[in-house]
Amino acid sequence: MSDKNDKDKNEKIDDEENFDFSMMNEVEIETLNIDEVEDIDDFGVLEEFKEKFLDTNIQERIPMLFRLTRRGVVFLSLLMWGLFLMFVLGNFQKFLDSDLNLILFLTTSVSILLALMSATAIIECIFCAIIIRKIRYIFYSVFFIIDLAFAAVIAVFSRSVNMISLGAIF
């Protein structure tokens with residue numbers, strides 16, 4: 001009887017060594033660590049997986065102000081493109097002129113805010129690239145420069161269309 005238990009235990013350990021931990025999240029791995037302590041003799045596979053794939057320190061290494069600025073830029077970008085799309089579709093749907101002027105005003109405001117936020121993010125990227133010395137901040141700054149350019153173009157376009165629709169001539 002004890003030979004059968006030893007055989008089952010060895011088969012279970014062999015199965016866990018061949019088990020693909022990449023499909024598990026951190027909570028499942030922690031549960032596996034807590035629940036099956038007496039069944040697993042070597043935690044090396046689990047610890048190696050946790051260090052390799054569940055690196056939670058990556059978010060801690062990115063400065064908090066940079067994370068907030070980056071999320072703000074993404075939010076304002078999506079809002080700007082949504083408002084611009086609403087303006088374009090509103091023209092085809094024959095929205096009222098007052099509604100289109102409001103959408104253009106909001107698009108201009110969001111674009112200016114986005115341009116300011118992108119400029120701030122570019123400055124933060126430069127400081128982070130110098131201080132932390134990671135190449136990813138250079139890629140972030142390229143994204144923010146492109147975003148700044150799009151925001152400036154959309155702001156000028158929407159303000160120009162708004163001025164023309166109100167009857168102002170350049």
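Positions are given from 1 along the sequence. Predicted, not measured: the structure shown is a model, and the values here were computed from it.
The two atoms that bring Leu76 and Leu114 nearest to each other are CB-CD1, 3.7 Å, heavy atoms only. Here the shortest heavy-atom pairing between Ala119 and Leu148 reads N-CD1, 4.5 Å.
A 6.0 Å sphere centred on CZ of Phe143 holds more than 12 heavy atoms belonging to other residues, nucleotides or ligands.
Every pair passing side chain to side chain donor-acceptor pair (under 3.5 Å) that includes a residue from residues 81-105 is listed here, sequence neighbours excluded: Asn101-Ser165. Under the side chain to side chain donor-acceptor pair (under 3.5 Å) criterion, the residue pairs touching residues 108-128 are Thr69-Glu124, Thr108-Ser158, with sequence neighbours excluded.
Once rounded to the nearest 0.5 Å, the distance linking CG of Leu89 with CZ of Phe92 reads 8.0 Å. From Phe157, atom CZ reaches atom CZ of Phe87 across 5.5 Å, with rounding to the nearest 0.5 Å. Atom CG in Leu83 sits 4.5 Å away from atom OG1 in Thr107 (nearest 0.5 Å). Note that CG of Leu68 and CE of Met117 are 9.0 Å apart. Values are rounded to the nearest 0.5 Å. For the atom pair Met86 CE and Leu100 CG, the distance stands at 10.5 Å (nearest 0.5 Å).
For Phe144, there are no ring-ring contact (aromatic ring centres under 6.0 Å, His included) partners two or more places apart in sequence or in a different chain.
Grouping the Ile, Leu, Val, Met, Phe, Trp and Tyr side chains by contacts below 4.5 angstrom, directly or via other members, places Ile122 with Ile146. Criterion: ILVMFWY side-chain heavy atoms under 4.5 Å apart, direct or through other members. Under it, Val88 and Val161 are part of a common hydrophobic cluster. Using a 4.5 Å cut-off between side-chain heavy atoms of Ile, Leu, Val, Met, Phe, Trp and Tyr, with links allowed through other members, Phe75 and Met80 fall into the same hydrophobic cluster. Taking hydrophobic clusters as Ile, Leu, Val, Met, Phe, Trp and Tyr residues chained together by side-chain heavy-atom distances below 4.5 Å, Ile126 shares a cluster with Tyr137. Hydrophobic cluster membership differs between Ile135 and Ile131, with clusters built from Ile, Leu, Val, Met, Phe, Trp and Tyr side chains linked at under 4.5 angstrom.
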